[in-house]
> 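Structure provided below as structure tokens; questions to follow.
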Amino acid sequence: MKRCNKIVRFAGLAVGFGLLLSTVTGCVSTKVEATEEPAGTLKVDEQVVVDWTDRSLGEISSPSWLLPLRRGNSGLFKQEWGIDENRVVKSSLAYGRTRAEAQTLSQTNFVFIQAQELATKVLARSGEALNSQGQKEALHEVVSRVRADMSGLRTEHTFWQEVRRKNAETGKITSEFVYYTIYSMDKETWANICRKYLSDIIQDPSMNEEARKAVGSLYSELVAEADNQSEASVRNDQQKYQEYLASLSPESKSKVEAAKSPEQKAAEQATIDVSAYLM
């Protein structure tokens with residue numbers, strides 16, 4: 001049976017965001033033995049995936065394609081699921097108190113997650129070309145308003161995880177679900193998405209000629225990169241994006257933050273969570 005378009009429940013081991021810890025194939029205990037720690041030791045919450053899709057069928061908890069896909073490279077996913085090489089694959093994820101809630105948020109927030117991905121690249125790669133502090137802050141404000149038009153997508157796959165956490169300070173145990181939805185589109189659709197996104201920024205009246213040229217010059221590389229970004233490139237974008245934000249005035253950052261919708265904040269948090277694992 002062809003696997004495309006079939007919504008399958010399939011999950012992998014992850015901690016918090018679920019990507020880098022060692023895999024397990026059975027249910028795991030959340031019991032943690034108390035140990036005496038040296039003074040000054042940073043306490044970190046204990047986290048473990050206790051259930052995932054198809055676990056009872058022997059499915060491993062961390063599929064080999066998950067980490068590369070979350071880092072922007074879909075090669076292993078396409079190979080595993082028989083996806084045409086000419087299609088562009090993108091993923092969405094969300095947290096929820098229940099699996100159903102996480103699933104709904106994963107699907108409805110996808111446009112915001114992709115907008116945040118594009119925003120990160122635009123600010124990281126165009127920032128050095130802008131000499132005016134005012135123009136940097138104007139670009140940040142425009143990018144925060146622009147949406148990605150993610151029409152023309154096809155659902156390829158889904159999977160979920162149940163993550164249990166033990167607070168390092170209080171010992172309180174909580175659970176939440178993480179739900180991943182994987183989509184694909186043809187390359188022309190991706191090119192149109194990039195063109196529309198960058199055009200909306202360029203056409204904003206607050207952009208000067210310098211900013212418009214800097215943003216417009218990114219079109220070819222965003223289209224070519226699609227779903228095949230290297231790990232080093234992801235790390236570099238995240239670093240430069242954080243440097244760009246750090247260069248903004250508190251007033252500018254506060255203005256943008258106050259205007260963000262809950263969906264934007266959730267998408268941004270998802271991006272931040274991922275970047276924390278890209279060592």
> State which residues pass side chain to side chain contact (heavy atoms under 4.5 Å, CB included) with N236; sequence neighbours excluded, sorted by chain then number.
K240
> Once you round to the nearest 0.5 Å, how far does NZ of K90 lie from OG1 of T181?
15.5 Å
> Do L248 and M207 belong to the same hydrophobic cluster, where Ile, Leu, Val, Met, Phe, Trp and Tyr are linked whenever their side-chain heavy atoms lie under 4.5 Å apart, directly or via other members?
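Cluster IDs for L248 and M207 match.
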> Treating Q133 as the side-chain partner and S247 as the backbone partner, does any N or O pair qualify as donor plus acceptor under 3.5 Å?
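Here the side-chain-to-backbone pair exists.
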> Go through the steps to decide whether E85 and K78 satisfy the test side-chain contact (heavy atoms from CB on, under 4.5 Å), and finish with yes or no.
CA-CA 7 Å; E85 279 296 321; K78 289 179 178 177; 4.0 Å; yes
> Establish whether W190 and V111 are linked, either directly or via other cluster members, by ILVMFWY side-chain heavy-atom contacts under 4.5 Å.
yes
> Hey, any chance V146 and L123 share a hydrophobic cluster, counting ILVMFWY side chains that come within less than 4.5 Å of each other, even indirectly?
yes
> Please tell me if the side chains of L66 and Y180 come closer than 4.5 Å, counting only heavy atoms from C-beta onward.
yes
> Do M150 and F110 come within less than 4.5 Å of each other through their side chains, counting heavy atoms only?
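Yes, close enough: below the 4.5 Å cut-off.
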> Please round to the nearest 0.5 Å and tell me the distance separating atom CD of E156 and atom OG1 of T158.
11.5 Å
> Test: salt bridge (Lys or Arg N to Asp or Glu O under 4.0 Å). Region: residues 208-224. Which pairs qualify, not counting sequence neighbours?
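Applying salt bridge (Lys or Arg N to Asp or Glu O under 4.0 Å) to every pair that reaches into residues 208-224, excluding sequence neighbours, yields R125-E221.
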> Consider only side-chain heavy atoms of I, L, V, M, F, W and Y, link residues closer than 4.5 Å, and tell whether L130 and V122 are in one cluster.
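Cluster IDs for L130 and V122 match.
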> Does L245 offer a backbone N or O that forms a donor-acceptor pair with the side chain of K136 under 3.5 Å?
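No, the answer is negative, given that no donor and acceptor are paired below the 3.5 Å cut-off.
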> Closest approach of R164 and V50, non-hydrogen atoms and distance?
NH2-CG2, 3.8 Å
> Check the surroundings of atom CZ in R195: do more than 12 heavy atoms from other residues, nucleotides or ligands lie under 6.0 Å from it?
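Enclosed.
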> State the CG-CD1 distance between L139 and I201, to the nearest 0.5 angstrom.
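If I round to the nearest 0.5 Å, the distance is 6.5 Å.
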> Begin with the C-alpha distance, continue with both residues' side-chain angles, and end with the deciding distance and a verdict on side-chain contact (heavy atoms from CB on, under 4.5 Å) for I182 and V89.
CA-CA 7 Å; I182 298 93; V89 172; 3.4 Å; yes
> Supply the atom-to-atom distance L198 CG to I193 CD1, rounded to the nearest 0.5 angstrom.
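Spacing of CG (L198) from CD1 (I193) equals 11.5 Å.
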> Could you grab the distance from atom OG1 of T189 to atom CG of D149, nearest 0.5 Å is fine?
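T189 atom OG1 to D149 atom CG measures 10.0 Å (nearest 0.5 Å).
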> Between W65 and W81, how do the two ring planes meet: parallel, tilted or perpendicular, split at 30° and 60°?
perpendicular
> What verdict does the side-chain contact (heavy atoms from CB on, under 4.5 Å) test give for E137 and S249, after you've listed the backbone C-alpha separation in whole Å, the side-chain angles of each residue and the deciding distance to 0.1 Å?
CA-CA 8 Å; E137 295 184 351; S249 68; 2.9 Å; yes
> Tell me, do S206 and V142 make a side-chain contact under 4.5 Å, heavy atoms counted?
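Yes. Closest side-chain heavy atoms under 4.5 Å.
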> Answer yes or no: is there a side-chain heavy-atom contact under 4.5 Å between S233 and E225?
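In contact.
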> Assess, by modelled atom type and distance only, whether the side chains of Q229 and D237 contain a donor and an acceptor separated by less than 3.5 Å.
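On atom types as modelled, these side chains qualify, holding a pair under 3.5 Å.
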> Where is the tightest heavy-atom contact between S106 and Y179, given as atom of each residue plus distance?
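Distance-wise, the nearest heavy atoms are OG-O, 3.3 Å.
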> Could you check whether any side-chain N or O of D54 sits under 3.5 Å from a backbone N or O of L57, counting only pairs where one atom can act as donor and the other as acceptor?
no
> Would you call L222 and L118 a side-chain contact if the rule is heavy atoms closer than 4.5 Å?
yes
> Has the side chain of T155 got a donor or acceptor atom that lies under 3.5 Å from a matching backbone atom of Y183?
no
> Taking K166 for the side chain and G171 for the main chain, is one N or O donor matched with an acceptor at less than 3.5 Å?
no
> Hey, are the side chains of D227 and F77 touching, using non-hydrogen atoms and a 4.5 Å cut-off?
no
> Test your reading of the model: is there a side-chain donor-acceptor pair from S217 to the backbone of A214, 3.5 Å cut-off?
yes
> Looking at the rings of F177 and Y95, which for Trp means the six-membered one, are their centres under 6.0 Å apart?
no
> So which atom in A119 and which in V143 form the shortest heavy-atom distance, rounded to 0.1 Å?
CB-CG1, 3.1 Å
> Would you confirm whether Q79, through its side chain, and G75, through its main-chain N or O, come within 3.5 Å as a donor-acceptor pair?
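No, because the side chain of Q79 does not come within donor-acceptor range (under 3.5 Å) of the backbone of G75.
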> Can you see which heavy atom on E141 is nearest to which on S252, and at what distance?
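Answer, listing the atom of E141 first, then S252: OE2-OG, 3.7 Å.
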> Can you find a pair of side-chain heavy atoms, one from R154 and one from R87, that are under 4.5 Å apart?
yes
> Mind running salt bridge (charged side-chain N to carboxylate O under 4.0 Å, His left out) on R165 and E176 for me, showing each step along the way?
CA-CA 9 Å; R165 293 186 175 85; E176 68 179 347; 2.4 Å; yes
> Any chance you could measure E162, atom CD, to R99, atom CZ, to the nearest 0.5 Å?
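Answer rounded to 0.5 Å: 8.5 Å.
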> Looking at D200 and R145, is any side-chain nitrogen of the basic one under 4.0 Å from a carboxylate oxygen of the acidic one?
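Result for this pair is no, no salt bridge flagged.
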> L76 and S64: which non-hydrogen atoms are nearest, and at how many Å?
CD1-O, 3.6 Å
> Looking at E128, I want to see if its CD is surrounded by more than 12 non-hydrogen atoms of other residues, nucleotides or ligands under 6.0 Å.
no
> Determine the minimum heavy-atom distance between I113 and S91, stating which atoms define it.
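It is CG2-O, 4.4 Å.
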> Evaluate side-chain contact (heavy atoms from CB on, under 4.5 Å) for V178 paired with V163, printing each intermediate quantity in order.
CA-CA 7 Å; V178 187; V163 181; 3.9 Å; yes
> I'd like to check R71 versus N73 (side-chain heavy atoms, cut-off strictly below 4.5 Å). Are they in contact?
no
